[in-house]
Structure formats: C-alpha cells, structure tokens
Amino acid sequence: TGQLKLAADTLRATIAARNGVRDGIDDLALGRIAEHCGLKEAAKKYYRRVDDSLIDAPNDASCRKLSELRLQILATP
C-alpha cells in the first residue's frame with residue numbers, strides 16, 4: 001500500500017500543479033487506486049467523476065468507457 005499512497009499523492013500533487021484542473025485520466029487512476037485498496041465506494045465516486053481525457057484514445061479505450069466498465073464490475077455482487 002505504500003506505493004499506492006505514493007501514486008495517489010503524486011497524482012494529487014500533479015492536479016494541484018495544474019491549479020486543480022482535472023483530466024479524465026486523473027479520476028480514473030484515483031478510482032483504480034481506491035478500488036485496489038478495497039475502497040469500493042470511493043472508487044465509484046472517482047469513476048462517476050470521469051470525463052473524457054484530454055489525451056486522444058480510441059473510443060473503446062476512452063476514460064469514460066473504462067470508468068463505465070469499472071462501475072459495472074463494482075455493481076456485480
């Protein structure tokens with residue numbers, strides 16, 4: 001978990017360095033970190049915030065599509 005905390009802290013610092021401007025990939029990454037830590041509700045919160053990334057990606061690999069997939073997986077008992 002030390003590496004996950006470092007990843008989350010680094011990502012939050014990056015967002016802060018952009019004056020709080022978030023990219024879709026930021027919340028996707030925070031969702032994956034929360035999910036990996038067993039924080040299901042936090043992961044859902046981040047996934048719901050995801051908007052398309054400023055980085056070009058094929059439609060099937062867009063941040064929005066990936067977050068929708070993760071939300072479906074988390075909804076499965």
Side-chain angles (χ1 to χ4, degrees):
T1 10
Q3 290 180 333
L4 292 172
K5 182 178 179 343
L6 176 61
D9 290 347
T10 301
L11 186 50
R12 287 187 184 106
T14 300
I15 294 167
R18 287 191 239 126
N19 295 320
V21 175
R22 299 173 93 93
D23 189 15
I25 201 162
D26 298 332
D27 287 315
L28 182 63
L30 288 168
R32 292 293 290 144
I33 291 168
E35 191 177 346
H36 188 76
C37 291
L39 304 171
K40 192 174 179 178
E41 294 306 313
K44 288 179 184 179
K45 176 186 79 170
Y46 286 120
Y47 292 144
R48 287 185 190 113
R49 283 189 197 168
V50 171
D51 201 359
D52 286 328
S53 176
L54 301 172
I55 301 169
D56 290 337
N59 287 339
D60 290 343
S62 73
C63 289
R64 187 182 302 268
K65 284 271 192 194
L66 293 173
S67 67
E68 289 170 2
L69 175 65
R70 298 310 308 168
L71 282 167
Q72 287 175 359
I73 290 168
L74 288 173
T76 306

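These numbers come from the heavy atoms of this one structure, side chains and all, not from hydrogens, waters or symmetry mates.
The shortest non-hydrogen separation linking D23 to R18 is N-NH1, 3.7 Å. When all heavy atoms are compared, the tightest approach of D51 to C63 is O-CB, 3.8 Å. Summarising the geometry of A43 relative to G31, their closest heavy-atom pair is CB-O, 3.4 Å, with the distance given to 0.1 Å. When all heavy atoms of A7 and I33 are compared, the pair lying nearest together is CB-CD1, 3.9 Å. Scanning both residues, R22 and L30, for their nearest heavy atoms gives NH2-CD1, 3.6 Å.
The structure places CG of L71 at 10.5 Å from OG1 of T76, a figure rounded to the nearest 0.5 Å. Atom-to-atom distance recorded for R70:CZ and Q72:CD is 10.5 Å, nearest 0.5 angstrom.
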For residues 10-17, tabulate all N or O donor-acceptor pairs below 3.5 Å that involve a side-chain atom, not counting sequence neighbours.
| residue | atom | partner | partner atom | Å |
| --- | --- | --- | --- | --- |
| T10 | OG1 | L6 | O | 2.8 |
| R12 | NH2 | Y46 | OH | 3.3 |
| T14 | OG1 | T10 | O | 2.9 |

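Under the 4.0 Å criterion applied to side-chain N and carboxylate O atoms, E41 and K44 are assigned as salt-bridge partners.
Residue V50 is grouped with residue L74 when hydrophobic side chains (ILVMFWY) are merged at heavy-atom distances under 4.5 angstrom, including chains of intermediate members.
The side chain to side chain contact (heavy atoms under 4.5 Å, CB included) test applied to K45 returns R49, not counting sequence neighbours.
Under the 3.5 Å distance criterion, the side-chain polar atoms of D27 are left unmatched by any main-chain donor or acceptor of G24. Judged purely by atom type and a 3.5 angstrom limit, Y47 uses its side chain to pair as donor or acceptor with the backbone of R32.
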